[in-house]
**Q** 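Here it is, the structure, as structure tokens.
The first residue in the sequence is number 1, and the count goes up from there. Start at 1 and go down the list; that is how both ligands and their atoms are numbered.
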Amino acid sequence: MNVTQKIISAHLVDGRAEPGEEIGVRVDRVLMQDATGTMACLEFEALGIASPKVEHAIVYVDHNILQTGYENADDHKFLQTFAARYGIHFSKPGNGICHQINLERFSVPGKVLLGSDSHTPTAGGAGMLAFGVGGLEVAVAMAGQPFYVKMPKVVGVRLVGRLRPWVTAKDIVLEMLRRLTVKGGVGKIFEYFGPGVRSISVPERSTITNMGAELGATTSLFPSDDVTHDYLRHQGREKDWTRLEPDPDATYDELVEINLDELEPLIALPSSPDNVKPVADVSGIDVDQVLIGSCTNSSFHDLMVVSRVLRGRKIHPRVSFAVNPGSRQVVQTLLESDGLSSIVSAGGRILENACQGCIGMGSAPGTDWVSIRSYNRNFPGRSGTPDDRVYLASPETCVACAVSGKVTDPRELGDYPAVEWPDKFITDDSMIIPPASDPSTITIVRGPNIKPLPTSSPLNSSIQGEVLIKVGDNISTDTILPAGAEVLPLRSNIPAISRYVFRYLDPEFVARAEKAGAGLIIAGSNYGQGSSREHAVLAPMYLGVKAVIAKSFARIHRSNLVNFGIVPLMFKNPSDYQAVGAGSLVRISNLKMGLESNGIVAEVTEDQSSIQENLRDPREESVEHLIVPLKHDLTGRETAIVFAGGLLNYTKMTRVCG
Ligand code: MIC
Ligand code: SF4
């Protein structure tokens with residue numbers, strides 16, 4: 001068996017683990033973060049369970065860090081008191097980014113982790129099978145239900161050879177993106193194996209599994225071997241280690257091979273993580289901003305290399321340079337190893353150990369700036385600046401750019417600095433607050449920003465509405481519902497955050513949706529790639545969106561649609577995408593029968609009155625009136641969820657019924 005099969009077979013509670021079959025998997029641990037966690041907590045509360053039925057649950061505060069108004073601080077207080085009351089650990093703001101802390105303190109090889117953040121697979125670097133999902137799926141897992149997913153294909157990624165100096169783990173995953181694109185991982189788990197994995201440390205492995213999210217993968221993971229043992233020993237957690245490697249005769253559904261000796265420094269150009277080129281091919285472009293950190297590249301080693309490069313050097317006068325370390329442990333260990341002083345001396349800005357500029361929580365680039373970041377996403381506008389020009393590269397490439405003021409191949413910096421880990425990392429968990437021993441003493445504090453959970457009603461048997469917007473391929477959740485310092489504080493307030501749906505792509509969208517009352521979205525392929533934010537479904541739902549018809553969907557967003565009762569439908573003939581324009585009226589009759597028989601058709605007309613008055617035979621095709629065949633890939637369980645009006649209703653119903 002391969003490692004994925006070993007973990008899944010030990011956790012399988014429902015279904016057959018054959019690619020494409022729906023399986024139910026027992027969840028050992030969950031994580032939430034503040035930006036998705038307030039909803040997840042409200043959803044858990046709505047399920048009426050006293051405390052999580054998993055072995056460990058934790059909520060981190062790492063995204064909504066700026067306190068420019070009362071909202072974020074109120075959310076933090078809500079989360080802290082909620083966690084204390086409901087048996088959940090709470091990681092205080094200032095402790096660091098959820099995925100980095102989870103790797104350091106809570107990763108356990110062989111366990112299944114569910115997290116309300118798309119980069120939860122970061123833990124796959126330590127041999128955990130970790131899935132990013134919407135908050136509601138985490139809430140349901142905390143209620144003791146299995147995690148349901150279509151069994152992905154397991155793609156073995158065989159690493160051979162050894163990385164050369166200045167070529168890094170980031171370049172391995174950028175190479176994966178270059179070859180496979182942002183949709184290359186949909187329906188797949190990437191399991192890394194082969195002789196090359198032995199030379200890659202756990203934090204480096206985590207850079208790779210982290211950015212599996214950008215490939216659209218269900219998750220990514222590495223074996224648990226001596227390298228994993230060494231990492232856990234540095235964390236004082238040897239007892240959590242178990243060996244977990246593929247059997248010698250393990251097979252995979254597909255294979256990819258990367259020869260590490262042949263890789264060179266790579267960079268993703270604006271504005272997609274798969275727009276990858278060798279750094280050498282784009283060198284010389286003037287650079288205005290460099291940011292190093294985020295959950296992708298903020299380990300001790302990452303920042304120590306940056307620090308060593310900056311010894312005796314200065315940041316280029318034009319460049320605004322900042323670092324956001326991954327965790328308090330990283331900051332403390334850097335301090336002990338004299339890793340911060342050269343960054344400061346060189347003219348670097350040290351930001352809080354939190355998500356920061358990665359999600360537009362500050363550090364938005366200026367107009368026309370070229371911003372080079374060691375982060376994982378460069379979707380349009382994600383930085384907080386419309387028409388931004390964000391490039392993604394390794395910390396090594398970033399620091400080379402910061403020093404020269406131009407895109408620079410880091411191999412031009414000379415000898416690769418020697419960086420050793422200290423014998424042990426500093427492990428101080430005092431900013432992780434355990435749940436209250438007597439929950440009855442805790443009052444949950446709900447500031448005015450915490451609005452009640454929106455409800456979704458059971459689906460009608462027919463859907464009718466205007467096409468409110470037609471979008472192209474690879475639309476990310478950052479486009480559907482932007483993040484950034486202005487919008488993120490509204491994550492607990494759906495009426496308020498709904499004002500921002502498609503804000504940068506189509507500023508008229510909200511007004512149009514409100515005028516129409518009900519409607520649909522037409523999309524190309526891989527709709528909803530990127531984050532796990534269920535707000536990218538909740539807010540459109542609040543504005544009356546009933547269905548999305550796309551060429552294909554990204555996994556987490558598709559599940560979020562189902563979980564809130566919005567039907568994800570697909571064109572049977574992808575070329576029909578051309579035929580349905582924005583403003584058309586669409587009617588889908590007898591949805592129930594159509595979903596059951598997979599024989600759904602949409603009646604599309606440009607002339608709204610003809611459908612509303614129902615004067616014409618809808619089967620009669622004309623230029624103005626089309627019949628568009630649709631399909632879906634909902635399982636029986638998902639169909640029931642959609643008809644129940646979402647997973648919350650469905651879970652309540654099925655729990656009552658036993
Ligand atoms: C992201 O990187 O896009 C986020 C912000 O971490 C999201 C979660 C969110 O939108 O709150 C993610 O990756 O799921
Ligand atoms: Fe935070 Fe960025 Fe990582 Fe998302 S990708 S968890 S915003 S650091």
**Q** Suppose I only count heavy atoms of His63 and a 4.0 Å limit; which atoms of ligand 1 are within that range?
**A** 4 (C), 5 (C), 6 (O)
**Q** Heavy atom under 4.0 Å from ligand 1: found in His535's side chain, backbone, both, or neither?
**A** neither
**Q** So Asn376 and Asn210, side chain to side chain donor-acceptor pair (under 3.5 Å) or not? Walk me through it.
**A** CA-CA 8 Å; Asn376 48 32; Asn210 174 285; 3.1 Å; yes
**Q** Examine all N, O or S atoms of His63, backbone included, and report whether one is under 2.8 Å from atom 1 (Fe) of ligand 2.
**A** no
**Q** Identify the two heavy atoms, one from Thr296 and one from Ser374, that lie closest to each other, and give their separation to 0.1 Å.
**A** CB-O, 3.8 Å
**Q** Give the contacting part of Asp117 toward ligand 2: side chain, backbone, both or neither, where contact means a heavy-atom distance below 4.0 Å.
**A** side chain
**Q** Which atoms of ligand 1 sit under 4.0 Å from any heavy atom of Ser531?
**A** 3 (O), 7 (C), 10 (O), 12 (C), 13 (O), 14 (O)
**Q** What atoms in ligand 1 come closer than 4.0 Å to a heavy atom of Ser532?
**A** 12 (C), 14 (O)
**Q** Is there a polar contact between ligand 1 and Thr36, counting only N or O atoms under 3.5 Å apart?
**A** no
**Q** Do Asn526 and Asp473 have side chains that get closer than 4.5 Å, going by heavy atoms?
**A** no
**Q** Nearest protein heavy-atom contact for atom 1 (Fe) of ligand 2: which residue, which atom, what distance?
**A** Cys355 SG, 2.3 Å
**Q** Using a strict 4.0 Å cut-off to heavy atoms of Asp117, name the atoms of ligand 1 that fall inside it.
**A** 4 (C), 6 (O), 7 (C), 8 (C), 12 (C), 13 (O), 14 (O)
**Q** What protein heavy atom sits nearest atom 2 (Fe) of ligand 2, and how far away is it?
**A** Cys358 SG, 2.3 Å
**Q** Heavy atom of Arg382 under 4.0 Å from ligand 2?
**A** yes
**Q** List the steps and the verdict of side chain to side chain donor-acceptor pair (under 3.5 Å) for Gln235 and Gln329.
**A** CA-CA 10 Å; Gln235 293 291 346; Gln329 176 183 93; 2.8 Å; yes
**Q** Does any N, O or S atom of Cys295, backbone or side chain, fall under 2.8 Å from atom 3 (Fe) of ligand 2?
**A** yes
**Q** State, yes or no, whether a side-chain contact exists between Asp633 and Arg558 at a heavy-atom distance under 4.5 Å.
**A** yes
**Q** What are the atoms of ligand 1, with element, lying closer than 4.0 Å to any heavy atom of Ala35?
**A** 11 (O)
**Q** Heavy atoms only: which of Met32, Gln33, Arg382, Glu534 is nearest to atom 8 (C) of ligand 1?
**A** Gln33
**Q** For ligand 2, indicate whether the residue His99 contacts it via side chain, backbone, both or neither (heavy-atom separation under 4.0 Å).
**A** side chain
**Q** At a non-hydrogen distance cut-off of under 4.0 Å, which region of Asn376 contacts ligand 2 (side chain, backbone, both, or neither)?
**A** side chain
**Q** Are Phe321 and Val306 packed together at the side-chain level, in the sense that at least one heavy-atom pair is separated by less than 4.5 angstrom?
**A** yes
